[in-house]
Number of protein chains: 2
Amino acid sequence: MARTQGSIGAETHEKIREVAEELIAAHGYAAVSMRQIATAVGVQVGALYRYTPDKQTLLFDLMRNHLEQVQSAWDATDPTDAGPVERLEAFCRFHVRFHLDRPRAVFIAYMELRSLTPENYAVIETLRNTYEARLEAIIRDGQDLRVIRVPDARVATMALIGMLTGVTTWYRDDGRLDRGRVERIYWRLARRMVKV
Amino acid sequence: MARTQGSIGAETHEKIREVAEELIAAHGYAAVSMRQIATAVGVQVGALYRYTPDKQTLLFDLMRNHLEQVQSAWDATDPTDAGPVERLEAFCRFHVRFHLDRPRAVFIAYMELRSLTPENYAVIETLRNTYEARLEAIIRDGQDLRVIRVPDARVATMALIGMLTGVTTWYRDDGRLDRGRVERIYWRLARRMVKV
DNA sequence: GATTGAAATGAACAATTGTTCAGTTACTGT
DNA sequence: ACAGTAACTGAACAATTGTTCATTTCAATC
């Protein structure tokens, strides 16, 4: 028999995304079966295929969705008229904040690259590179204006990304520091790293 | 029929580790089957179970082995008589060098934590924490001696680890920079981050 | 109250999974 | 040459996988 609640399609679609994100982040794409997802949604396996052509696309959509949200959120935040240092501060704080707010999506976007087909991987990698290029552009601007100094702009970009993204691996909501403090500390570390 | 070459057990054992590390690093633990490993080794599935009680233990041994090697290699490198800044330089350079030399093992150690049983996870996490604690101790020593200054020793530790470990995600042997240069650049970035 | 169309079921499918083990092969020491 | 043993095979197993689809359920419309 069908669900007794009057759940319409769009709601199920959204629930599938949420549940899939949670399960995949916790156990990994290959370790989570469509049946597990269906059970967690409260539905039979077959029903999932009304919303996704296959499991791979389900993962791909999650990752693309996340990366596009990062991009557009940063576009809306980037103080493009400000100087490089101010923009760098905005970027660092944004990155930490955004990642702390979406730890599961971040996890998946960084851990499940291997699970993508080559075609899907190419799409996701392009999105990632685009985002990282924005940071690198800020650093190079700063170098040109002599308000930022680093040994190598490219390495500094990757070092910053790695350092900032790593926050998701240790931060806990019930820990010693709240998000605001963590955001501030990371920016102070970053500024020391790049200041002239 | 058995192998025609006169391969003895120890060689097969070693080959299994190598092949498993390569395959798991490339496709992930859950996505690699025992049959794939066996085929790559040049053996039938059943033969693997002469060397490992099960698949989970195979993964666990790889990870424990790697982390123990990191620890003992650092113990042999740590200039314990030197000052905190010098020790920090040694740590940063060691970490980058060691990770660039073992990208697959590093990948597995960071990506497959979810694939471990709770008991095995606890063991691996303890090893990781021990290693990270060494870095944190150096930073705190430096703070006490007023030769290192950071906003927060704990966060700085995690930021450094994240930044240094991230090198494996972008470094390519045929890239613009060789390992020595990368090692040096990372240390310069780290030093700027923590200097008083 | 009958009709419709979307939503979901539930059973089936071929393939693949980790693991076991009785049997075969190859090597070592005598 | 022979026995003993370690290494390995090859087939089998129960369970689980992603995916399909004829059928059923349900809510809205006429």
message: As a quick check of understanding, evaluate side-chain hydrogen bond (donor to acceptor under 3.5 Å, both in side chains) for Asn120(A) and Thr117(A), giving each step before the final call.
response: CA-CA 5 Å; Asn120(A) 288 343; Thr117(A) 60; 3.3 Å; yes

query: Can you list every pair that meets side chain to side chain donor-acceptor pair (under 3.5 Å) and has a residue in residues 139-149 of chain A, with sequence neighbours left out?
result: Glu136(A)-Arg140(A)

message: Which residues in residues 20-33 of chain A have a heavy atom closer than 4.0 Å to any atom of DNA chain D?
response: Val32(A), Ser33(A)

query: How close or far is atom P of dT16(C) from atom CD1 of Ile37(B), stated in whole angstroms?
result: 17 Å

query: Between atom CG in Asp54(B) and atom P in dT17(C), what is the gap in whole Å?
result: 17 Å

- prompt: How would you list all residue pairs meeting ring-ring contact (aromatic ring centres under 6.0 Å, His included) that involve residues 112-137 of chain B, not counting sequence neighbours?
  reply: Phe91(B)-Tyr131(B), His95(B)-Tyr131(B)

message: With a cut-off of less than 4.0 Å, is there a side-chain N or O of Arg50(A) near OP1 or OP2 of dA8(C)?
response: no

query: Rounded to whole angstroms, how far apart are CG on Leu48(A) and C1' on dT20(D)?
result: 13 Å

message: In the structure I gave you, are the side-chain heavy atoms of Met111(A) and Arg114(B) within less than 4.5 Å of one another anywhere?
response: yes

- request: Grab the CD-P distance between Glu11(B) and dA26(C) for me, whole Å please.
  value: 17 Å

Gln44(B) vs dG10(D): side-chain N/O to OP1/OP2 distance below 4.0 Å: yes

statement: By nearest-nucleotide position on DNA chain D, the 5'-leaning member of Gly46(B) and Gln36(A) is Gly46(B)

message: Does a side-chain N or O of Tyr51(A) approach OP1 or OP2 of dA8(C) to a distance below 4.0 Å, or not?
response: yes

task: Please state how far atom NE2 in His13(B) lies from atom C1' in dA7(D), giving the value in whole angstrom units.
output: 13 Å

query: Does the side chain of Arg134(B) come under 3.5 Å of the side chain of Gln71(B) through a donor N or O and an acceptor N or O?
result: yes

- prompt: Does NZ or CZ of Arg102(B) come closer than 6.0 Å to the centre of the six-membered ring of Phe98(B), within 45° of the ring's axis?
  reply: yes

task: Give the rounded distance in Å between these two atoms: CE of Met34(B) and P of dT17(C).
output: 12 Å

message: In this structure, how many angstroms lie between the C1' atom of dT19(D) and the CG atom of Leu58(A), rounded?
response: 14 Å

task: Please state how far atom OH in Tyr49(B) lies from atom C1' in dG10(D), giving the value in whole angstrom units.
output: 15 Å

task: Go through the side-chain N and O atoms of Asn129(B) and Thr126(B) and say whether any donor and acceptor fall under 3.5 Å apart.
output: no

query: Counting only side-chain N and O atoms of Thr12(A), is one of them less than 4.0 Å from OP1 or OP2 of dA7(C)?
result: no

